[in-house]
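A, B, ... follow the sequence lines: proteins, then strands. Residue 1 opens every chain.
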Amino acid sequence: MKIATWNVNSIRSRLDHVQTWLKSSEVDLLCVQETKVVDEDFPRSVFTDLGYHTYISGQKSYNGVALISRSPLEAVNTGFAAVVGDEAADYEAQKRVISGVLNGVRVVNLYVPNGSDLSSDKYEYKLGWLGVLRNYLKTLQTDHAEILVCGDFNIAPEDRDIYDPKGKETHIMSSPPEREALQRSIFDLGFSDACRQFHEDGQFTWWDYRTAGFQRNRGWRIDHHYLSEGLRDRLQSCAVDAEPRGWEKPSDHAPVVVELA
DNA sequence: ATGGCGTTAGAGTAACGA
């Protein structure tokens, strides 16, 4: 089965791209971030007409996540609080988490806060959010042997995931505290980076709209698939599809696809 | 050093993203 993650930067602005890409990529499940739309305005029928089941958690203007699946998903839930309860109360307003079970695999679709810059309140929010993520995933692990955590993490795990890492220790998405939080919330729980099973470097997933970032391949790898131990042996491929980034009026992110046996 | 581009909201800019 093929599972993709893609930050579309507004599902309504990217509707044509998402439809076109769904048809050509033939993924079983597409995990979308930054839908930027309240649930009642989500363009559901477009995907229903294409034969997909849609599960959404959105809000006005910002954030928003969705699961678009060929088969119905089981046990879908949204937000951290559905799993960890009151501890996540401060993080429920922003819609950044949706999860469902496909063929026995619990798939978690995340839109990790950006953080703005290191002196911002949003940076503290990002680190706090990642702390709750750890408990959320630990709790899921008690019920599910096989978990895939994917999404826009807004963190480049290592310097080789940035086109030019010079000076990036004070930069959002690559500062040491963010990387340490990723270590605690993902790698310390036994998850592994699907991309690293196939690629040593490159594989950028985001290029800045400004300064012709894509044309000059000034990219960052910040969208990821993380696999529980049992899924590692089933991983057939992990690849960025940079093509839609070159289309007219693109999202600034490209989709990343994993194939599991 | 700053802003650069794109989206949303909503009517001129401002917030936000990364």
Side-chain angles (χ1 to χ4, degrees), chain A residues 5-18 21 31-43 46 56-66 91 93-97 109-130 133 150-179 181-182 195 202-224 240 242 244-256:
Chain A
T5 178
W6 192 7
N7 179 323
V8 296
N9 186 16
S10 170
I11 190 74
R12 291 179 292 185
S13 290
R14 226 62 60 200
L15 208 43
D16 286 348
H17 286 201
V18 175
W21 190 79
C31 301
V32 170
Q33 304 89 34
E34 280 211 273
T35 55
K36 295 188 172 180
V37 64
V38 292
D39 292 353
E40 46 269 41
D41 293 337
F42 191 97
V46 168
I56 57 185
S57 179
Q59 67 182 88
K60 189 177 175 180
S61 305
Y62 306 119
N63 310 315
V65 284
Y91 298 94
Q94 299 187 15
K95 306 306 182 189
R96 299 176 176 277
V97 180
N109 174 18
L110 302 176
Y111 176 44
V112 178
N114 168 274
S116 192
D117 67 69
L118 275 58
S119 62
S120 168
D121 290 347
K122 297 190 184 74
Y123 185 72
E124 296 306 315
Y125 183 88
K126 182 180 195 174
L127 297 177
W129 193 96
L130 288 164
L133 174 64
C150 69
D152 175 1
F153 281 74
N154 275 316
I155 299 172
E158 300 176 75
D159 283 353
R160 56 179 161 161
D161 298 313
I162 312 172
Y163 73 95
D164 177 10
K166 284 196 289 291
K168 293 298 189 292
E169 50 285 321
T170 55
H171 195 290
I172 199 66
M173 303 191 292
S174 55
S175 69
E178 295 170 72
R179 287 176 170 174
L182 186 68
C195 181
Q203 297 294 302
F204 300 143
T205 67
W206 173 83
W207 300 261
D208 203 318
Y209 283 126
R210 300 164 292 188
T211 64
F214 184 62
Q215 287 76 5
R216 298 152 80 182
N217 199 26
R218 295 175 159 221
W220 292 59
R221 191 174 74 92
I222 56 175
D223 300 83
H224 308 294
V240 178
R245 184 64 180 80
W247 294 346
E248 198 176 335
K249 286 194 152 285
S251 167
D252 43 357
H253 296 251
V256 188

(request) Could you give the distance separating B:dG6 and B:dG10 at their P atoms, to the nearest angstrom? (result) 23 Å
(request) Tell me, with the steps shown, if A:Asp159 and A:Lys166 meet salt bridge (charged side-chain N to carboxylate O under 4.0 Å, His left out). (result) CA-CA 9 Å; A:Asp159 283 353; A:Lys166 284 196 289 291; over 6 Å; no
(request) Would you mind classifying the nucleic acid contact of A:Asn114 as base, sugar-phosphate or nothing, using non-hydrogen atoms under 4.0 angstrom? (result) base
(message) Check this one for me: any side-chain N or O of A:Thr211 less than 4.0 Å away from OP1 or OP2 of B:dG4?
(response) no
(request) To the nearest Å, give me how far apart NZ (A:Lys126) and C1' (B:dG17) are. (result) 11 Å
(request) Examine distances only and state if a side-chain atom of A:Ser116 and a backbone atom of A:Lys122 form a donor-acceptor pair shorter than 3.5 Å. (result) no
(request) Verify the contact: side-chain N or O of A:Lys249 to OP1 or OP2 of B:dT7, cut-off strictly under 4.0 Å; return yes or no. (result) yes
(request) Taking only the side-chain nitrogens and oxygens of A:Ser10, find out if one of them lies under 4.0 Å from OP1 or OP2 of B:dT8. (result) yes
(request) Check whether any side-chain N or O of A:His253 sits under 4.0 Å from OP1 or OP2 of B:dG17, and answer yes or no. (result) no
(message) Of the options B:dG4, B:dA18, B:dA9, whose atoms approach the side-chain atoms of A:Arg12 most closely?
(response) B:dA9
(request) For B:dC16, take OP1 and OP2 only and decide whether either is under 4.0 Å from a side-chain N or O of A:Tyr209. (result) no
(message) When you measure from the side-chain N and O atoms of A:Lys60 to the phosphate of B:dT8, is any distance below 4.0 Å, counting only OP1 and OP2?
(response) no
(message) Is the phosphate of B:dT7 approached by A:Arg14 (side-chain N or O, under 4.0 Å from OP1 or OP2)?
(response) yes
